[in-house]
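First comes the structure, then the notes that go with it.
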Amino acid sequence: MEYRKAVFGDIEAIYELVNKYAEEGVMLARSRNTLYETIRDMVVAIDEKNGGRLAGVGGLHIIWEKLAEVRTMAVDPDYIRRGIGGEIVRRLMAEGDELGIEQYFTLTYKPGFFQTLGFRIITKEELPHKVWKECIDCPKFPNCDEIALMREAGTKAQ
Ligand SMILES: CC(C)(COP(=O)(O)OP(=O)(O)OC[C@H]1O[C@@H](n2cnc3c(N)ncnc32)[C@H](O)[C@@H]1OP(=O)(O)O)[C@@H](O)C(=O)NCCC(=O)NCCS
């Protein structure tokens with residue numbers, strides 16, 4: 001499996017994967033506009049033995065000084081539970097650590113996955129208000145039913 005930053009040629013496959021999961025209600029939909037605007041946030045896992053197929057994607061979005069959101073986590077159903085999602089999150093956080101990020105948070109319906117990576121469940125009220133600027137375009141706003149988790153830099157994974 002090859003892990004690298006996303007490039008334009010990945011966008012259609014990312015769009016399809018993320019929005020297929022969104023239709024199933026397990027993650028939020030993302031427009032092509034958002035994916036292009038945040039392309040530099042994203043790391044992809046590419047199966048080079050299978051024609052360069054997209055196996056997974058994840059993004060790290062800077063919110064404020066030392067605070068970033070892990071978002072757009074999606075691993076193709078053919079590739080789940082092989083450690084790909086975990087590896088993407090670790091790579092995103094390594095990039096964030098270089099910038100000096102001290103707190104990583106996520107809003108998800110899959111808290112178990114993030115707990116294995118050292119995130120702990122928090123109340124949404126613990127997140128700074130700036131976070132919600134990202135949420136106003138969400139169809140679910142203001143009735144967010146995702147679970148918030150936080151991980152301090154340097155926290156050990158399970
Ligand atoms: C959640 C998701 C990204 C995990 O990716 P993955 O590549 O399957 O995850 P990994 O193989 O790295 O899993 C690492 C560990 O996390 C835990 N884990 C993974 N998926 C889990 C789940 N659905 N529920 C609980 N724990 C989970 C397991 O402990 C796993 O280790 P194990 O397989 O040895 O038991 C993937 O299942 C997915 O894309 N799901 C659909 C979209 C989605 O829900 N995205 C998250 C919304 S932000």
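Throughout, numbering of the chain's residues begins at 1 and tracks the sequence.
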R120 side chain near E152 side chain, heavy-atom distance below 4.5 Å: yes

Name the one of L17, V57, I84 that satisfies side chain to side chain contact (heavy atoms under 4.5 Å, CB included) with V75? I84

May I ask you to decide whether R91 forms a salt bridge with E95, counting only side-chain N to carboxylate O separations under 4.0 Å? no

So, do M1 and D47 sit near enough that their side-chain heavy atoms are less than 4.5 Å apart? yes

Donor-acceptor check, side chain of R82 to backbone of D78, threshold 3.5 angstrom: yes or no? yes

Mind checking whether I147 and L107 have side chains closer than 4.5 Å, heavy atoms only? no

Which residue in the set K5, M42, R4 passes side chain to side chain contact (heavy atoms under 4.5 Å, CB included) when paired with D10? R4

Is any side-chain heavy atom of T72 closer than 4.5 Å to one of R30? yes

Are the side chain of K124 and the backbone of C144 linked by a donor-acceptor contact shorter than 3.5 Å? yes

All heavy atoms of V18 vs all of A74, minimum pair found to be CG2-CB, 4.3 Å

Check for a donor-acceptor pair, side chain of T106 on one end and backbone N or O of V70 on the other, with a separation under 3.5 Å. yes

If I take atom OH from residue Y3 and atom CZ from residue R90, how far apart are they, to the nearest 0.5 angstrom? 8.5 Å

For the side chain of E69 and the backbone of I62, is there at least one donor-acceptor N/O pair under 3.5 Å apart? no

Tell me if a side-chain donor or acceptor on D97 pairs with a main-chain N or O of A153 at a distance below 3.5 Å. no

Decide yes or no for R32 and E12: does some side-chain heavy atom of the first lie under 4.5 Å from some side-chain heavy atom of the second? yes

I63 backbone acceptor or donor facing K130 side chain under 3.5 Å: yes

Honestly curious: do L127 and F141 fall in one hydrophobic cluster under the side-chain, below-4.5 Å linking rule? no

Distance-minimising heavy-atom pair for I14 and A6: CD1-CB, 4.3 Å

Atom NZ of K110 and atom CD of E146: how far apart are they, to the nearest 0.5 Å? 11.0 Å

Among the clusters formed by ILVMFWY side chains lying less than 4.5 Å apart, do L67 and M73 turn up in the same one? no

For I46 and E48, the nearest pair of non-hydrogen atoms, with its separation, is O-OE1, 3.0 Å

With F114 as partner, the option from F105, Y109, F119, Y104 fulfilling ring-ring contact (aromatic ring centres under 6.0 Å, His included) is F119

Keeping R151 on the side-chain end and L117 on the backbone end, is there a donor-acceptor pair under 3.5 Å? yes

E23 (side chain) donor-acceptor with K20 (main chain) under 3.5 angstrom: no

Given 3.5 Å as the limit, does a donor-acceptor pair link the side chain of T38 with the main chain of T34, or not? yes

Hydrophobic cluster membership, I122 vs I101, 4.5 Å side-chain cutoff: no

Report yes or no: do V131 and L60 belong to one cluster of Ile/Leu/Val/Met/Phe/Trp/Tyr joined by side chain heavy-atom distances under 4.5 Å? no

Counting only N and O atoms by type, is there a donor-acceptor contact under 3.5 Å from the side chain of Y79 to the main-chain atoms of L54? no

Same cluster or not: are Y15 and V43 linked, directly or through other Ile, Leu, Val, Met, Phe, Trp or Tyr residues, by side-chain heavy atoms under 4.5 angstrom apart? yes

Given side-chain contact (heavy atoms from CB on, under 4.5 Å), test F8 with I39 step by step and report yes or no. CA-CA 8 Å; F8 291 131; I39 190 167; 3.6 Å; yes

Is the CD atom of E98 crowded by more than 12 outside heavy atoms at less than 6.0 Å? no

Does any non-hydrogen side-chain atom of R53 lie less than 4.5 Å from one of D76? yes

Please determine whether the number of non-hydrogen atoms from other residues, nucleotides or ligands lying under 6.0 Å from atom CD of E65 exceeds 12. no

